[in-house]
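Accompanying notes for the structure given below.
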Amino acid sequence: MSKPRVAVIGAGGRMGAEAVRAVESAEDLELVAALGRGDSLDALTGAGAEIAVELTHPDSVMENVEFCVRNGIHCVVGTTGWTDERLATLRELLPGSPGTGVLIAPNFGIGAVLTMRFAQQAARFFESVEVVELHHPNKADAPSGTAARTAQLIAAAREEAGCPPQPDATSTALEGARGADVDGVPVHAVRLRGLVAHQEVLFGGEGEILTIRHDSMNRGSFMPGVLLGVRRIAQSPGLTFGLEHFLDLDG
Ligand SMILES: NC(=O)C1=CN([C@@H]2O[C@H](COP(=O)(O)OP(=O)(O)OC[C@H]3O[C@@H](n4cnc5c(N)ncnc54)[C@H](O)[C@@H]3O)[C@@H](O)[C@H]2O)C=CC1
Ligand SMILES: O=C(O)C1=N[C@H](C(=O)O)C[C@H](O)C1
């Protein structure tokens, strides 16, 4: 049986280089293209890629994913920058390429996906919640896609449970001091040399604090998730948002 033909877009980057190694090391996959900035996307069709792993930059990801979808190439996307508008554009595009699957994974780390799930479960039980993400200083975007997604999931769970807005008596503040407001959840972004990718979700209730923390110590931590996405995406046409859909968390 022939192996799925995989390409990596953003192969010269921190994540892309790791993904190239991971795909090359996987006996059931074949790496057929590794594209860097400036390379033509036609190399994907030229190489007969069936699945593209997209790990570039929020400014590049849309064009790359659109090219793949139009050419029937499944996409496993780790790049951040997925606004509601971009998701809507992708949802409009996908029916034109039936059978093509796109996985957008805000975080490929299994522990990070579990952090989001646990935070979602805890959300309705606490009066207060704040998200703190901590990353390397070369990161382009803030807050992280993971932190934004975590906050959205928490906010949706609180709304569904009928929780009131959280208490906060701040009446004067230096701009930014209370973080970014993501659906009513404050999100704080730390950039520090030495860090890779980390997140804390802090829940507070009367007399108790629950902290859920995840640490990615290196980019190898994301690779089992990348490979899972690559192995599953051809059987998942349409848009899948979040690796949790491939993890059978409710099973
Ligand atoms: N979902 C996840 O688990 C993870 C997602 N990320 C995200 O992945 C993205 C990349 O992160 P890093 O690897 O740390 O960044 P990086 O800056 O190290 O690498 C990005 C690479 O993409 C290249 N690039 C940019 N535009 C391109 C294009 N149009 N075609 C081909 N290559 C292009 C750049 O030249 C660079 O080599 C970011 O959005 C980051 O937030 C990062 C880590 C984990
Ligand atoms: O840029 C990074 O490094 C990371 N980006 C993703 C994000 O923004 O959530 C995933 C992880 O946090 C690492």
Side-chain angles (χ1 to χ4, degrees), residues 7-22 33-44 49 52-68 73 75-83 86 102-116 119 131-153 180 182 187-201 213-230 233 240-247:
V8 175
I9 314 176
R14 289 175 288 267
M15 277 292 283
E18 194 76 40
V20 164
R21 279 192 288 277
L35 276 61
R37 189 186 277 280
D39 289 342
S40 166
L41 291 171
D42 292 334
L44 297 173
V53 180
E54 214 289 352
L55 294 161
T56 61
H57 188 280
D59 292 343
S60 305
V61 63
M62 220 30 212
E63 184 188 343
N64 293 340
V65 173
E66 285 189 12
F67 177 92
C68 289
I73 300 171
C75 266
V76 173
V77 184
T79 305
T80 44
W82 288 96
T83 58
R86 286 180 172 202
V102 175
L103 166 67
I104 297 174
N107 202 306
F108 287 112
I110 306 299
V113 175
L114 291 175
T115 298
M116 288 187 254
V131 177
V132 185
E133 55 95 330
L134 310 92
H135 281 81
H136 59 93
N138 303 105
K139 185 166 174 53
D141 54 321
S144 71
T146 308
R149 180 70 179 150
T150 306
Q152 286 163 354
L153 291 171
V182 179
V187 179
H188 310 269
V190 176
R191 296 290 173 266
L192 204 68
R193 184 69 68 205
L195 294 176
V196 178
H198 317 259
Q199 177 165 289
E200 282 189 1
V201 187
R213 180 173 172 115
H214 176 257
D215 297 276
S216 270
M217 313 302 285
N218 56 49
R219 291 179 181 81
S221 65
F222 301 114
M223 293 306 124
V226 170
L227 293 179
L228 175 66
V230 168
I233 194 60
T240 302
F241 194 90
L243 191 69
E244 61 273 22
H245 298 289
F246 291 170
L247 289 178

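Fair warning: this is a prediction, and the values are worked out from it, not measured in the lab. In listed order, ligands and their atoms are each counted from 1.
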- Under-4.0 Å heavy-atom contact with ligand 1, by part of Glu63 that carries it: neither
- Item | Note: Asp141-Lys139 ion pair, threshold 4.0 Å (strictly below) | yes
Name each N or O atom in ligand 2 that is under 3.5 Å from a protein N or O, and give the partner atom and the distance.
from     : atom 1 : to     : atom 2 : distance (Å)
ligand 2 : 1 (O)  : Lys139 : NZ     : 2.9
ligand 2 : 3 (O)  : His136 : NE2    : 2.9
ligand 2 : 5 (N)  : Lys139 : NZ     : 3.1
ligand 2 : 8 (O)  : Lys139 : NZ     : 2.7
ligand 2 : 8 (O)  : Gly145 : N      : 2.8
ligand 2 : 9 (O)  : Gly145 : N      : 3.2
ligand 2 : 9 (O)  : Thr146 : N      : 2.8
ligand 2 : 9 (O)  : Thr146 : OG1    : 2.5
ligand 2 : 12 (O) : His135 : NE2    : 2.6

- Just going by heavy-atom distances, which of Leu35, Val8, Thr79 is nearest to atom 8 (O) of ligand 1? Thr79
- Task: Using side chain to side chain contact (heavy atoms under 4.5 Å, CB included) as the criterion, point out the one residue from Val65, Val61, Ile104 that pairs with Arg86.
- Result: Val61
- Given that the side chain starts at C-beta and the backbone is N, CA, C, O, which of these parts of Pro106 lies under 4.0 Å from ligand 1, counting heavy atoms, or is it both or neither? backbone
- Query: From Leu103 CG over to Leu228 CG, what is the distance, rounded to the nearest 0.5 angstrom?
  - Reply: 8.5 Å
- Item | Residues that Asn218 engages under side-chain contact (heavy atoms from CB on, under 4.5 Å), provided they are two or more places apart | Ser221
- Heteroatom proximity flag, Gly109 to ligand 1, N/O under 3.5 Å: no
- Message: Show the nearest heavy-atom pair for residues Val8 and Gly16, with the distance to one decimal.
- Response: CG1-O, 3.8 Å
- Task: Check whether any heavy atom of Lys139 sits under 4.0 Å from an atom of ligand 1.
- Result: yes
- Task: Tell me which protein heavy atom sits closest to atom 5 (C) of ligand 1, plus the residue, atom name and distance to 0.1 Å.
- Result: Gly78 O, 3.1 Å
- Pick, from Ile9, Thr80, Asn107, Val196, the option with the minimum heavy-atom distance to atom 38 (C) of ligand 1. Thr80
- Item | Minimum non-hydrogen distance to atom 9 (C) of ligand 1, winning option of Ile104, Thr56, Val77, Asn138 | Thr56
- Check the side chains of Thr115 and Gln199 for a donor-acceptor pair under 3.5 angstrom, ignoring hydrogens and angles. no
- Note on the structure: Between Phe241 and Pro106, the two heavy atoms sitting closest are CE2-CG, 3.7 Å
- Message: What protein heavy atom lies closest to atom 36 (C) of ligand 1? Include the residue and the distance to one decimal.
- Response: Gly13 CA, 4.0 Å
